[in-house]
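We count residues from 1, following the sequence as given.
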Amino acid sequence: MSILSAYMLPHPPLIVPEIGKGQERAISHTTEACHEAARRIGDLRPDTIILISPHQTMYSDYFHISPGKGAKGSFSQFRAGNVKMEASYDTAFVQKLCELADRFAFPAGTYGEQNKYLDHGTMVPLYFVNQYFRNYRLVRIGLSGLPLIKHYELGQLIKEASNTLGRRTLLIASGDLSHRLKDDGPYGFQKEGPEYDHRIMDVMERAAFGELLDFPENFCEKAGECGHRSFTVMAGALDETALLPEKLSYEGPFGVGYGICCYRTAGKDPSRNFRFQYEEKQKAALLKQRDKEDSYIRLARKTIETYILNGKILDLPKNIDQEMTAQKAGVFVSIKEDGRLRGCIGTIQAVQDSIAEEIIANAVSASTKDPRFSPIEPWELERLSISVDALGEKEKITSPDQLDPTRYGVIVTKGRKRGLLLPNLEGIDTVEDQIAIAKRKAGIAEEEPVELERFKVIRHEAGILDEE
């Protein structure tokens, strides 16, 4: 049986009366809407509730599905330890979902932290549900640092598991919206905060789930959102499904946005195949981009494909441009997938005998040895965009006033610690941010004084040659 319905629900502990102690009245619309959603869930009497929580165990490259027979929790961290709950897991559903993940080599399963305590992203929605219906089993899933499209794919696996088992299933996407709506809010104000909330509520009210995949990662980060990935998993679980969407409420009086929407399923709708549409659009864009790639990027791409597919380092091509073999320079190779950084490794100064050899060495490292990411898999190759930065001469400077993050890269040095940041990076708009990030990369404390150097780069990106 397909999924019966799905719900976008927030999880502010404050709306639990034992925690809010009257303050919950300031978000009464959210409280009333949570009760309404819970009543509807009770009327449906589901066998299984799938709950996606941003506060469940989270890994950068893996989706954690809670193992075992169940879990318990309380709101003791919010000074309401008398409010407790227990949940029994749908072990057969978990097993089937893990089997599907294994079959499709999808990074999800029960490995990792065996946390038997419920997080508040799970407990707050269930606090309301349990007032109207308790005879269900739970499947509890965390998020990951993987691209949004992978979250959508997880939702599709959830849908297939539900269909295969014939469960009466519904899904709760737990998540608040922006945490940066007001100066006096818990995380201050960013203009992206209200922009995000306006945009996400428009998307969710229309159930225009394909647009979830178009939110830039940097925009979401600046907005301080919490639930976008949860909503995207829910969207995947409703792939090719006709929906009757309804917005129940939105408010953000404390500087955090809370939105509630319900989605009742109404049969099939093949036109809502948003993953397919997204991937077709991405393929077209990447093919167009590839046509514009210059010899620097083509060499990096060929190197990556050769190493990932065959485990061999590319021999220096014979027909390569002379400028790449006659000159030396430090080189950075940056790899993105679906708009997100997937690897970046480089050298501050030349290590190899030519720029071409520098590109080959650093392309291998960027695709397999960046400690922030797992090695690139063969299936990812067609989704990659690549840029190559050739570094100019370093120049010592005496003051941050001599920097410009759009024009100069920066090198910070403290003893043997050294960190570099390239110029003109998305989301880095100030000299202060540039220096702070370079320090973090080097393991230098923010307050420590450092020596500064600046440099320009020649950036090769999508066939456009830019001298920064």
Quiz item: Are S144 and K150 close enough that some pair of their side-chain heavy atoms sits under 4.5 Å apart?
Solution: no
Quiz item: Which atom pair, heavy atoms only, marks the closest approach of L143 to P54?
Solution: CD1-CA, 3.6 Å
Self-check item: Heavy-atom closest contact (S178 atom, D197 atom, distance)
Solution: N-OD1, 2.9 Å
Quiz item: In this structure, are over 12 heavy atoms from other groups packed under 6.0 Å from N135 atom CG?
Solution: no
Quiz item: When you look at CZ of R372, are more than 12 heavy atoms from neighbouring residues, nucleotides or ligands closer to it than 6.0 Å?
Solution: yes
Quiz item: Is D202 salt-bridged to R206, cutoff N-O under 4.0 Å?
Solution: yes
Quiz item: Taking atom CD of E280 as the centre, does the number of heavy atoms from other residues, nucleotides or ligands within less than 6.0 Å exceed 12?
Solution: yes
Self-check item: Pairwise side-chain contact, I200 with E225, heavy-atom cut-off 4.5 Å (strictly under)
Solution: no
Quiz prompt | K417 side chain vs G443 backbone, donor-acceptor pair below 3.5 Å | solution = yes
Quiz item: Between R137, R167, Q95, which is the residue that forms a side chain to side chain donor-acceptor pair (under 3.5 Å) with D90?
Solution: R167
Exercise. Using the side-chain hydrogen bond (donor to acceptor under 3.5 Å, both in side chains) rule, take T122 and Q56 through it: C-alpha gap first, then chi angles, then the decisive distance, then the call.
Key: CA-CA 8 Å; T122 298; Q56 156 70 316; over 6 Å; no
Practice problem: Answer yes or no: is there a donor N or O on one side and an acceptor on the other, between the side chain of R140 and the main chain of S53, under 3.5 Å? | Solution: no
Quiz item: Does the side chain of P17 come within less than 4.5 Å of Y127's, by heavy atoms?
Solution: yes
Quiz item: Got a second to check how far I65's CD1 is from I158's CD1, nearest 0.5 Å?
Solution: 7.5 Å
Quiz item: Is it true that a side-chain atom of K159 and a backbone atom of I3 form a donor plus acceptor pair closer than 3.5 Å?
Solution: no
Quiz item: Is R383 reaching over with its side chain to a backbone N or O of Q282, donor-acceptor style, under 3.5 angstrom?
Solution: no
Quiz item: How long is the gap from CZ on R275 to CD on E279, to the nearest 0.5 Å?
Solution: 4.5 Å
Quiz item: Does D176 reach the main-chain N or O of H11 with its side chain, forming a donor-acceptor pair under 3.5 Å?
Solution: yes
Self-check item: Residue pair A26 / F254: nearest heavy atoms and the distance that separates them
Solution: CB-CZ, 3.4 Å
Quiz prompt | Validation row, ring centre F209 to ring centre Y263 under 6.0 Å | solution = yes
Quiz item: Between I345 and K369, does a side-chain contact (heavy atoms from CB on, under 4.5 Å) hold up when you go through it step by step?
Solution: CA-CA 8 Å; I345 294 288; K369 298 177 182 178; 5.5 Å; no
Exercise. Please indicate whether E86 has more than 12 foreign heavy atoms, meaning atoms of other residues, nucleotides or ligands, lying under 6.0 Å from its CD.
Key: no
Quiz item: Out of Y196, Y258, F189, Y187, which one pairs with H179 under the ring-ring contact (aromatic ring centres under 6.0 Å, His included) rule?
Solution: Y187
Practice problem: With sequence neighbours excluded, tell me which residues meet ring pair (Phe, Tyr, Trp, His ring centres under 6.0 Å) with F274. | Solution: none
Exercise. If the plane angle is over 60° it's perpendicular, under 30° parallel, otherwise tilted; pick one for F106 and F63.
Key: parallel
Quiz item: Is a donor on one side and an acceptor on the other found under 3.5 Å between the side chain of E217 and the backbone of L341?
Solution: no
Practice problem: For side-chain contact (heavy atoms from CB on, under 4.5 Å), just list the numbers for Y7 and M234, CA-CA rounded to whole Å, side-chain angles, deciding distance to a tenth of an Å, and then say yes or no. | Solution: CA-CA 8 Å; Y7 304 82; M234 178 179 70; 5.9 Å; no
Self-check item: Cationic N near anionic O, under 4.0 Å, E337 to R340
Solution: no
Self-check item: L165 side chain reached by D47 side chain, heavy atoms, under 4.5 Å
Solution: no
Exercise. Can you see which heavy atom on R39 is nearest to which on E32, and at what distance?
Key: NH2-O, 4.5 Å
Quiz item: Is any side-chain heavy atom of C34 less than 4.5 Å from a side-chain heavy atom of I260?
Solution: yes
Quiz prompt | Main-chain N/O of T30 paired to E251 side chain as donor or acceptor, under 3.5 Å | solution = yes
Practice problem: Measure the CD-OG distance between E461 and S385 for me, rounded to the nearest 0.5 Å. | Solution: 7.5 Å
Quiz item: Can K182 and D184 be counted as an ion pair, charged N to O under 4.0 angstrom?
Solution: no
Self-check item: Lys/Arg-Asp/Glu bridge criterion (N-O < 4.0 Å) met for E305, R290
Solution: yes
Quiz prompt | Main-chain N/O of N424 paired to R459 side chain as donor or acceptor, under 3.5 Å | solution = yes
Self-check item: Residue K72 excluded, over 12 heavy atoms near NZ under 6.0 Å
Solution: no
Quiz item: Hey, are the side chains of R199 and D214 touching, using non-hydrogen atoms and a 4.5 Å cut-off?
Solution: yes
Quiz item: Is there a side-chain contact between Y408 and V431 (heavy atoms, below 4.5 Å)?
Solution: no
Practice problem: Could you tell me the separation between the CG atom of D389 and the CG atom of L422, rounded to the nearest 0.5 Å? | Solution: 5.0 Å
Exercise. Before giving the answer on side-chain contact (heavy atoms from CB on, under 4.5 Å), spell out for S374 and R342 the whole-Å C-alpha distance, their side-chain angles and the decisive distance to 0.1 Å.
Key: CA-CA 9 Å; S374 59; R342 188 64 178 84; 3.6 Å; yes
Practice problem: Kindly give the heavy-atom pair with the smallest separation between H55 and C226, and that separation in Å. | Solution: NE2-SG, 4.0 Å
Quiz item: Do T241 side-chain atoms and D239 backbone N/O form a donor-acceptor pair below 3.5 Å?
Solution: yes
Practice problem: Identify which one of L171, L154, T57, L51 satisfies the side chain to side chain contact (heavy atoms under 4.5 Å, CB included) criterion when paired with I141. | Solution: L154
Quiz item: Measuring from L403:CG to T430:OG1, what's the distance to the nearest 0.5 Å?
Solution: 11.0 Å
Quiz prompt | Verdict with supporting geometry, F332 and L420, side-chain contact (heavy atoms from CB on, under 4.5 Å) | solution = CA-CA 11 Å; F332 272 73; L420 177 146; 3.4 Å; yes
Self-check item: Least distance between heavy atoms, K414 atom then I444 atom
Solution: CB-CD1, 3.7 Å
Exercise. Measure the shortest side-chain to side-chain distance between V124 and S174 over non-hydrogen atoms and say whether it is less than 4.5 angstrom.
Key: no
Quiz item: So, the side chain of R180 versus the backbone of K222: is there a donor-acceptor pair under 3.5 Å, distance only?
Solution: yes
Quiz item: How long is the gap from CG on L238 to CG on L243, to the nearest 0.5 Å?
Solution: 5.0 Å
Quiz prompt | Carboxylate-amine/guanidinium contact E36 R40, below 4.0 Å | solution = yes
